[in-house]
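Have a look at the structure below before the remarks.
None of the values given here were measured: they were computed from a predicted structure. Throughout, protein chains are lettered first and strands after them, A, B, ... in sequence-line order, and every chain is numbered starting at 1.
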Amino acid sequence: MTHHLPRLLAPLAALALAVTACTAGSSTAPAPAGSSATTAGGSSDRITLGLVAEPASLDFTKSDGAAIPQALLVNVYEGLVKLDQDGKIVPALATSWKVSDENKTYTFELTDKAKFTNGTAFTAADAVFSINRVKTDWTTSLKAAMDVVAEAKAISPTQLQVTLSAPSNDWLYRMTTHLGAMFSATGVDDLANKPIGTGPYTFTSWNRGDSITLTRNEAYWGTKPHYQSVVLKYFKDPTALNNALITNAINVVTTVQAPEALGQFTGNSKYQVIEGTTNGEVLLSFNNANEIFKDKRVRQAIRHAIDHKALMETCWAGKGTLIGSFVPPTDPWYEDLTGVTPFNKATATSLLTQAGKLGATLRLRVPTLPYAVSCGQVVKAQLEAVGLKVTLDQLEFPATWLEQVFRGGDFDMSIIAHVEPRDLKAVFGNPAYYTKYGTPEIQGLLKAADEGSVDEQTAKLKQVGRLLAEDAAGDVLFLLPNLMVADAGITGLPQNAIAVAFDLSKLGKR
Amino acid sequence: MLLRIAERTAVFLVSLGVSSALVFGFMVLLPGDPARVALGINATEVDVARLRAEFGLDRPLGEQYLSWTGGLVRADLGTSYISRAEIGPQIADRLQVSLILVAASMIIAVLLALPFGTLMAVHHRRASGVVLSAISQVGVAVPAFLAGILLISVFAVHLRWLPSGGWTPPAYDPGLFLRQLLLPALSLGLVQGAVLTRYVRSAVLEVLREDFLRTARAKGLTPLRALVRHGLRNAAVPVVTVLGLQLATLLVGAVVIERVFVIPGLGSLLLDNVGNRDLIVVQDVVMVLVVAVLLVNFVVDLLYLAIDPRLRTASR
Amino acid sequence: MTEQLNAVDPPAIRVHDVTREFRRGRTSLTRPVPVVHALRGVSLEVARGQRFGIVGESGCGKSTLLRIIAGLDRPTTGSVQVEGVEISHLPERRLGFLRAQLQLVFQDPMSSLDPRMRVRDIIAEPLVAQGHRDNRTRVHELLEAVGMQPDAAERYPHQFSGGQRQRISIARALAPDPRILVADEPVSALDVSVRAQVLNLLAELVERLSLTLVFVSHDLSVVRYVCDTVAVMSRGEIVETGPIARVYDTPEHPYTRQLIAAAPRLRAALAGRTAAVLAAETLAAQGGSRPTSTAAPAVPLPPSSPKDTR
Amino acid sequence: MTGLSRGAEALLPPPGRRTRRGTEATLLVGGVIIAVIVLLALVSLVWTPYDTGEINPSERLALSSDRHWLGTDKFGRDVFSLLMVGSQTTLLVGLVSVGVAALVGVPLGILSAMVPKWWGEVIIRANDLLLAFPALLLAIMLTAVHGQGVVTAMIAIGIATIPSFARVVRSGAIGVMKTEYVLAARAAGRRPLAIALRHVLPNVASLVIVQASVSFAIAVLAEAALSYLGLGAPPGTPSWGRMLQEGQELLFVAPRLEVFPGVAIALAVLGFNLLGDGLRDRFDPRLEDRR
Amino acid sequence: MTADVVRVRDLVVTVGAKPLLVDVDVTVHRGERVGLIGESGSGKSLTALAIMGLLPEDLIPAGSVVVTGHSGGGVQRVTSVLEAGEPALAAMRGRDVAMVFQEPMTALNPTMRVGAQVAEIMTIHRTVPDRGAAARRAVELLDRVGLPDPADAARAYPHQLSGGQRQRVVVAMALANDPALLICDEPTTALDVTVQALVLDLVVRGVEARDAGLLFITHDLAVVASVCERVLVMYGGRVVEAGEVQEVFTRPRHRYTRGLIGASDLDLTRPDGKLYTIQGSVPSSGRFPAGCVFRNRCTHATTECESLPPWQGSGPEQGFACWHPVMAS
């Protein structure tokens, strides 16, 4: 036999080589740096971050999905303003701004140092172009937030004036998201493949299915980042993500998908574990258009039935924050409302009995996301313990879940984390939304908050939060924690994940 | 001989045609409007209609099918609905990854299966054969991804000998490429090898009972030489069949291992794009996979002709 | 039964100018599809009560002919009449009368009985297929007729020896009380000591039930014992027909002569007809002139024959 | 059976075959494993040590103990109970998918052997085309249409298994159609359907049983793979594949959650494979004479 | 008398506890043609396989089998088959002893050209200087066995030849190294009668030309009478009668031999027109009665037959074992 082995091996080896050779010449060959994930730990020039959801495209003007702005905003694209770690709006490309005319006119002073990576300088004209382009070219749902803009004009190359048709506190906030990303008037031909921005990093390559590589923008107008290159590496499997950190294939796990697994990193001096907060309210949503949920007692019973502490303990290893409302602590109008409907099985059962819905069957349709799948099982068990029947199914995320639950309304309850910042209005202010909620009272308060002063805004939104809790429009199970694990020496990692962007510019090394 | 090749080629081409229609038909059935998915949850009807027109989704199905297959023939796989990237190069990259992984694991499988399967067959009555046979049975029973997980936890996490996953094109860093390839190829290869071993064993057993093998021994060949000179080629037909089937299923089946080892292969591309409802990508990937399988079958058919002269003249 | 036999009746079997061609798989792109001429213009007539032998070597077309007579295959051209009825163009569902009139015994005692069926069901199958119910007594009758115990009915074929299986096969053939029995090499797979038993049984049954017998064999001596008339087939043609004694003693066709010359016979062998003599005579009968030469003529490549397809 | 003179044929055990004893041992081990799994599944219909729907945070990730023989998972559910209930899914997936495959594949195989050769060729080529759609691919495609779930997985695995049934049955049926007893049945006046049912089907039944057993094993593996990818049993439906998937994220915290379902799957596959091998040898016509 | 090329003494072959062959004695001398006859299950083929050392693994032989061959230059090579190791046996097979099997359809490797298969047996034993010579000699051999156009035939694959042609190839192969003993196991059973005559002639002339011994196994008495000088009759795993062909077939002593001759001869009928038969059928292996193996089918069986009949005769080459022999007339 042994004589035959080399002969057998030879053609196979040849095949392998042939395939190999093809790779080198392939059209979308990634840059060497971006293609590999090991050895990252040793290089001071390069850092590799492990992320969970890979973007489907690089063009957030055409495609939804949090992954694109997470990677590109603040890093490749910059806005006029951005959000700091405490949730405050701070300058970015705009060095300062003034609001006048009953909060309807915004005048931004722009930096004159910024330059797009295609070589052109950033001017007010680009800003006007970018703002107008949202209305004309964007196709994502976010664009609606720009509808309030009546006019944008360049007063001088460094002065931009934006006039709103009505006062809106929300508008400036939205400008911190990718809605406010500044594009070069001459650099939007191929956004899906060639993003051009003013940010501290330039887009270098995208090895689809694997990683995106960003390179330091040596011509950046602000403080240049420490790392020469940043690799964002995407993992579908949480275990693989953790393994990658353990085996030095990555330096940072940006989102710990299985909090139970944190155990292997805590107490190990090689790693630092970062626990912060996010905007991600894990919402047990009700389809309020359904007959059964028209009865407030049922909604309240469900809130009473759920032992939130045990739930968070069970499905997210106790990591996270119990908030009892739809407002995260990083918003100024946050209030701890966990006491509104305390966990009480007896109350729940008696409410259900009063409503005549004891033994009713509810369809809990959750997306295929780790926390939703986990929590779904706990919710099912807890609701069944008070006399409801729950059928749990799992819908592929995003497509099927969007199709059937979100758009189709074919569900009784679902679980999903609403990670968009300040999404109170979107989720509970719109009867057409999948939660089918949005009483005139709430809508009125939301409008007043948007148009009023900052103090008014805070007061009104507090009221909304409380109303929602008392009316049990849905049940916020808990607030997702921002859990990261990183090599011990890495600095500048954001404590809280409250902005849509993952700011890579502060990353450094001790 | 030429006729047989022509025959097989015809079957191959007809199969291609039929399966492309099947794949297209199936994709039409997929719920979810790709334009709507691409635009996200709050898109307006106007935007959706515009995008549908842009992708040609509003044209009659027959026309869509013809333009798609026409593109396939010209090796133009179209543009993704969502990422707007050209699909061809993307699939080509992924296919290379999958092919390397599958080829490597099949090499391991064959290197494992040929000697051990033969040994098991020759010694099937002895303790060594029985023990090997039992080991292979256990190997067959282990899911490949479980093998992968175990290999990672031992060799990557505990021993730190090899990376736990990832992929580097061989041209950039051959050493790293090989180190990253080893574990996934092993997890697939060991399991597939165990399966193949069973087939080699039974094929060799089958051949061992052939008259001509007894003739060979009556000529003065030792059992092993008789087997090598006369048996293996005759045992090759069933083994090649299984090998072909394994290759074919592995191209998709490797997706599990790709998931475990974070390898950007074709299976992952398919799975991701089903999730994204990037219909055209799904359609193309499925088609590429089907073509690959049919191609493998075609090659296997030709191999039959090479192995067994009886098939060259006699009609099946 | 015997009084029915009179001259105006049609013969039991009349085969006229039957050809049968098989198209084989194409072997080349350029050449036409090869056609095997299994039968080329075969004609024969079997009178009622006759015991008609068909002799030939493998691939000569005798099995094809037999299948055509039994309505299991169709001639490419020509006519086949059984009991006066033209069967060559009847669809299978209209062959009911043929199934009742003509039954078959096959060669291989292993493969001719369904291993998953009890003997009872095997024997009753022709009856069931023809719509009879409750065949228990008939099965026992038949078993007895072929010299087996009634308890055999409850057993399976593999529990019997080759000779016994052939008896079961005969019992099945006799079940619908046919007038014609067609036997395809019924003893060639049997041990010598058993062969004689089965031949005796066949002869006895044919006699007792006044059957018309068509007996196909490659072995002239077996045919000689069982039959009164013989047709010799070679390469799809009947080369010679006649009373068995005449054909055996004064063969007219060279092929018949060769067949007789080549067959080893015990007594002749003991009298000095050694292998060399056999070969020489065979070649001589064939028209070969150099019986002792090493360069024996090419053995003809037989067309599609059951043995060849293995 | 050629080669050895007929005498020796009856005398010799076919060389290269398992001995009777080996066959019996294989059958026995396979049979016992499967019997235990079936028994567990049946018992779990009426009783399990703990309710698998019940979530018990206070007992999360418990180690093996008297209370929980195999410990608990991250929801505090009893792993042994989960394994018991999970065996239902495993068996169900196997049964339905093998049933689907057999129901389509067997008639297809018989048909392709009984119709004129050319048509048979067309049927089997069409059947071969199905081979181009492995279970995983079908499952991914079907999931896209019907959503994830056990039913989708079962149908996908079932459809993907059709070709192997059709092929095996076809080759067996062709053999049967060549036998003289089929000729005899035709001569006796049997119609094709009766021949198919009374002669072909019973004589390929052993092949079907063996194929079913082996396919069962493959189905169990396929279900595990699908569950791992999130295309199999939904959460709340205990399944071994699902347990493997859920356990994986805790691999280093609680490796037992990976080991137990892994062992269960491997055992089930092993059991069905052994059963299939044993049955194959037992049904081997070459051993038949020696019964 | 010349030297014996094979000498089998007290050969017993068992599988498990079941005896398949008991006390078989066979001797073949150089240049002698010996027939081994019997029905299915009598043990003929097993005897042949035992001589070749090719018994299946789980069949256990005992006794002695000694093959005396010639390895050239007049040097004799003696192989004690049951004791020899595989290399020695391999050296013996195809050189000192060659074998022709029953089924020409399957005895040849379907994936190898015929000429190469013939040449192989010579290269294995290095009876020709090199591969080229082996190939040339193969063509020559194919010519000798009467294949038309032997050069073409050598390039053919087995399936392209007819049954008779294939059997000629097998004979050519068997004779290639001029073996001292040729064993033919039912070599013509699968062949047509006209082909059979020629192949038999081929075999006989082949061994005669080489002065080799021939052990010819068949169930056909007429064939054995045409080919052999001496014959052994086997039944139930035992040799029940042996002697000169003329003697055994004209004056059989054992009741089985007598019955076999009667049943074989279709020209001979009983007074009632029926053929002579032996009652019952051959039992399957291991089911033969103790004592005289034939007694359950024998019309002359008495209680005496329950004990083993002794061998009566001048030696293993002539004699019989029967309590109630046919009286020599």
Original post:
Which bit of E/Gln246 comes within less than 4.5 Å of chain C, counting heavy atoms only: side chain, backbone, both or neither?
Top reply: both
Subject >> Side chain / backbone / both / neither for C/Val222 at chain E, heavy atoms under 4.5 Å >> reply: both
**OP:** Mind checking the CG-CZ spacing from E/Leu221 to C/Arg267? Nearest 0.5 Å is all I need.
**Re:** 12.5 Å
Original post:
Where on C/Ala203 is there a heavy atom nearer than 4.5 Å to chain E: the side chain, the backbone, both, or neither?
Top reply: neither
Subject >> Minimal non-hydrogen separation, C/Ala196 against E/Tyr276, with atom names >> reply: CB-O, 3.2 Å
**OP:** Heavy atoms only: give me the nearest E/Leu275-C/Asn200 pair and the separation to one decimal.
**Re:** N-OD1, 2.8 Å
Original post:
More than 12 foreign heavy atoms under 6.0 Å from CD of C/Glu144: is that the case here?
Top reply: no
**OP:** May I ask you to list the residues in residues 248-262 of chain C that approach chain E closer than 4.5 angstrom, counting heavy atoms only, ordered by number?
**Re:** C/Gln258, C/Leu259, C/Ala262
**OP:** Go through E/Ser226, E/Pro283, E/Pro150, E/Ala197 and name the one with the most non-hydrogen pairs under 4.5 angstrom from chain C.
**Re:** E/Ser226
Original post:
Which value, rounded to the nearest 0.5 Å, describes the distance between E/Thr194 atom OG1 and C/Leu278 atom CG?
Top reply: 11.5 Å
Original post:
Would one find more than 12 heavy atoms of other residues, nucleotides or ligands at under 6.0 Å from atom CD of E/Glu140?
Top reply: yes
Original post:
Side chain, backbone, both or neither: which part of C/Arg195 has a heavy atom under 4.5 Å from chain E?
Top reply: side chain
Original post:
Would you say the side chain of C/Leu283 lies within less than 4.5 Å of the side chain of E/Leu198, judging by non-hydrogen atoms?
Top reply: yes
Subject >> Taking every non-hydrogen atom, the tightest pair across E/Val193 and C/Ala263 >> reply: CG2-CA, 3.5 Å
Original post:
For chain E, which residues of residues 226-233 of chain C have at least one non-hydrogen atom nearer than 4.5 Å to it?
Top reply: none
**OP:** Run the numbers on E/Leu266 and C/Arg224 for side-chain contact (heavy atoms from CB on, under 4.5 Å), then give the verdict.
**Re:** CA-CA 8 Å; E/Leu266 299 180; C/Arg224 190 183 184 200; over 6 Å; no
Subject >> Donor-acceptor contact present, side-chain C/Gln197 to main-chain E/Thr277, <3.5 Å >> reply: no
Original post:
If you count heavy-atom pairs under 4.5 Å with chain E, which of C/Thr274, C/Val192, C/Leu220, C/Leu190 comes out on top?
Top reply: C/Val192
Original post:
C/Ser193 and E/Ala263: which non-hydrogen atoms are nearest, and at how many Å?
Top reply: CA-CB, 4.0 Å
Subject >> Exam field: side chain C/Asp191 to backbone E/Glu39, donor-acceptor pair closer than 3.5 Å >> reply: no
**OP:** Decide yes or no for C/Leu270 and E/Val245: does some side-chain heavy atom of the first lie under 4.5 Å from some side-chain heavy atom of the second?
**Re:** yes
Original post:
E/Asp201 side chain to C/Ala279 main-chain N or O, any donor-acceptor pair under 3.5 Å?
Top reply: no
Subject >> Evaluation steps, side-chain hydrogen bond (donor to acceptor under 3.5 Å, both in side chains), between E/Ser281 and C/Gln164 >> reply: CA-CA 8 Å; E/Ser281 53; C/Gln164 287 170 314; 4.8 Å; no
